[in-house]
Novice: 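Pasting a structure here, questions to come.
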Amino acid sequence: MAEQKKMNFKEMMNKPERLAPGHRMCAGCGGTIAVRAVLRALHEGDRAVIGNATGCLEVSSFMYPYTAYEDSYIHNAFENAGATMSGVETAYNILKRKGKVKDNYKFITFGGDGGTYDIGLQSLSGAMERNHDMVYVCYDNGAYMNTGIQRSSATPMYADTTTTPVGSQSDGKLQNRKDLAAILAAHDIPYVGQSTFLGNFSDLHKKAEKAIYTEGACFLNVMAPCPRGWRYNTEDIMEICKLGVETCYWPLFEVDHGTWILNYEPKKKLPIEDFLIKQGRFKHLFKKGNEHLIEQFQAEVDKRWEELQFRCSK
C-alpha cells in the first residue's frame, strides 16, 4: 500500500475537480458530495476509469454523449458494475504488460444502495472475491431514489417509502437494514471502510486514499443522504450525517487486511431520536402510541454498536 501523507485540507480542497459542475443532481444530495470527496483522494498525475451503476448519479451526471466526469467513464446496468470494472482492470493489466499502456490508472466504481446491496450484489461479490485491483464505492441513500423512493435492503427499519408506505395498517419497512460493510469484510478483501460527511471530510478522504492505493479489491460504504427520500431541508445534510455518527446509527470504522478498527467513538452517545426526528420519513414514529417503535429501533442500533465494539476490540 502506498504510504499516506498527512492530510493538508487546503491542498485537498484546491485540487482540480474531477466531477464537473452543471450536472443535474438535486441540491442537498449526498451522492455527488461522496463522488467529489473520493476523487479528490487521487494523487496528481494518476488517471482513473470511473464505473457507474444505473441510478440517480448515473442519470444525472451522464447524458450520452456527455458526461460530468473528467476521467474515462463507463455507465453500466444496475447488475453488472462490478463485473464491468473487473474486465476493464484485467484488460489494463494485459495492455500494461505488453507495453501498450504506460499511464497509471486507478479503477473506481460508484453505485447506489439499490445497485450495490441488491441488484448488483452478485457481480460485486465476484469482483471482490477475485481480488481485482479496484475500489467499489456505495453511496448509500437507503432506497431506490432514482425510480421513486422504493425500499431497498439498505432502507432502515420503519422508514416510510413508496413500497413500505406508512398508514393505518403499516408502520413502514419491517426489516432491519443489511450490514453490507460486514458482508464485504467477510470476503477477506484487503480493505473495507465506512464513512460519511463530517467536518473537513478528513475521515472520508483518508479512507478513500487508503482504498485507492491499497493493492487489491477495496470497498467503501458512504452514507449519502437524499433530500427527497429522507425529507429534510437541503442545508441540514451535514447535521444529519453528524447525528448518524453521534447516535451510532452509522459508525465510522474500517477493516484493514482483516483487522477491525473503530475510527470514532462518541464521548456521549446520543439517542436515536435525535437522528430520526430530522427526517420526514420517520415522522410517524413520533406520534403518540409509537414510542415502542423508537425503542425497537434504538435496541437494534445498540446491538450493532456493541457487536462492532467487540469486533474492533479483537
Side-chain angles (χ1 to χ4, degrees), residues 28-30 33-34 37 113 138-143 154-161 166 171-182 192-207 220-255 260-313:
C29 167
I33 297 175
D113 51 278
C138 176
Y139 63 99
D140 185 343
N141 54 35
T155 305
M157 183 166 54
Y158 299 133
D160 180 21
T161 75
V166 170
D171 294 317
K173 187 192 173 198
L174 298 178
Q175 299 80 18
N176 295 315
R177 60 175 293 275
K178 184 189 291 182
D179 189 354
L180 187 60
V192 172
Q194 180 162 293
S195 189
T196 188
F197 318 134
L198 286 170
N200 64 1
F201 288 80
S202 62
D203 183 80
L204 179 53
H205 177 81
K206 289 174 183 176
K207 286 173 180 170
L220 291 176
N221 205 23
V222 183
M223 184 173 74
C226 168
R228 294 200 67 242
W230 294 26
R231 288 173 247 156
Y232 60 82
N233 295 323
T234 56
E235 65 271 19
D236 291 340
I237 183 170
M238 297 297 285
E239 183 183 5
I240 288 172
C241 290
K242 182 178 180 181
L243 288 170
V245 174
E246 295 292 341
T247 58
C248 298
Y249 168 78
W250 194 266
L252 306 180
F253 68 90
E254 57 190 334
V255 187
W260 288 71
I261 303 165
L262 186 61
N263 304 118
Y264 176 77
E265 185 166 0
K267 292 180 180 178
K268 182 181 179 182
K269 182 168 170 279
L270 297 178
I272 196 61
E273 293 100 306
D274 291 8
F275 174 67
L276 301 177
I277 201 167
K278 293 286 184 179
Q279 305 168 50
R281 61 179 176 162
F282 294 117
K283 67 178 182 180
H284 58 290
L285 299 183
F286 295 90
K287 292 182 179 179
K288 188 174 180 180
N290 283 345
E291 294 83 2
H292 65 290
L293 301 180
I294 294 179
E295 290 174 4
Q296 290 174 18
F297 202 115
Q298 183 70 69
E300 180 62 24
V301 169
D302 293 344
K303 172 176 167 287
R304 293 192 180 201
W305 174 241
E306 289 172 8
E307 289 173 350
L308 176 61
Q309 287 181 304
F310 178 77
R311 282 170 165 163
C312 294
S313 70

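Residue numbers start at 1 and run along the sequence shown.
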Novice: K278: what forms a salt bridge (charged side-chain N to carboxylate O under 4.0 Å, His left out) with it, not counting sequence neighbours?
Specialist: E239
Novice: Is the backbone N or O of P271 less than 3.5 Å from a side-chain atom of T247, with the two atoms forming a donor-acceptor pair by type?
Specialist: no
Novice: Any side-chain to backbone donor/acceptor pair from T196 onto M223? Under 3.5 Å, distance only.
Specialist: yes
Novice: Test your reading of the model: is there a side-chain donor-acceptor pair from Q298 to the backbone of Q296, 3.5 Å cut-off?
Specialist: no
Novice: Which heavy atom in E246 sits nearest to a heavy atom in P266, and how many Å separate them?
Specialist: OE1-CB, 3.4 Å
Novice: Out of curiosity, Q309 CD to E265 CD, how far, rounded to the nearest 0.5 Å?
Specialist: 5.0 Å
Novice: Look at the side chain of D113 and the backbone N and O of N141, then say whether any donor-acceptor pair between them is shorter than 3.5 Å.
Specialist: yes
Novice: How close do P225 and I240 get, heavy atom to heavy atom, and via which atoms?
Specialist: CG-CG2, 4.4 Å
Novice: Return the CD to CG distance between Q279 and L285, rounded to the nearest 0.5 Å.
Specialist: 10.0 Å
Novice: Do side-chain atoms of Q194 reach the backbone of W250 as a donor and acceptor pair under 3.5 angstrom?
Specialist: no
Novice: Do any pairs count as a side-chain hydrogen bond (donor to acceptor under 3.5 Å, both in side chains) and have a residue in residues 224-236, sequence neighbours left out, and if so which ones?
Specialist: D160-R231
Novice: Counting only N and O atoms by type, is there a donor-acceptor contact under 3.5 Å from the side chain of H284 to the main-chain atoms of Y158?
Specialist: yes
Novice: Can you tell me if D203 and S195 form a side-chain donor-acceptor pair at under 3.5 Å?
Specialist: yes
Novice: Assess the side chains of N263 and K207: does a donor N or O sit below 3.5 Å from an acceptor N or O?
Specialist: yes
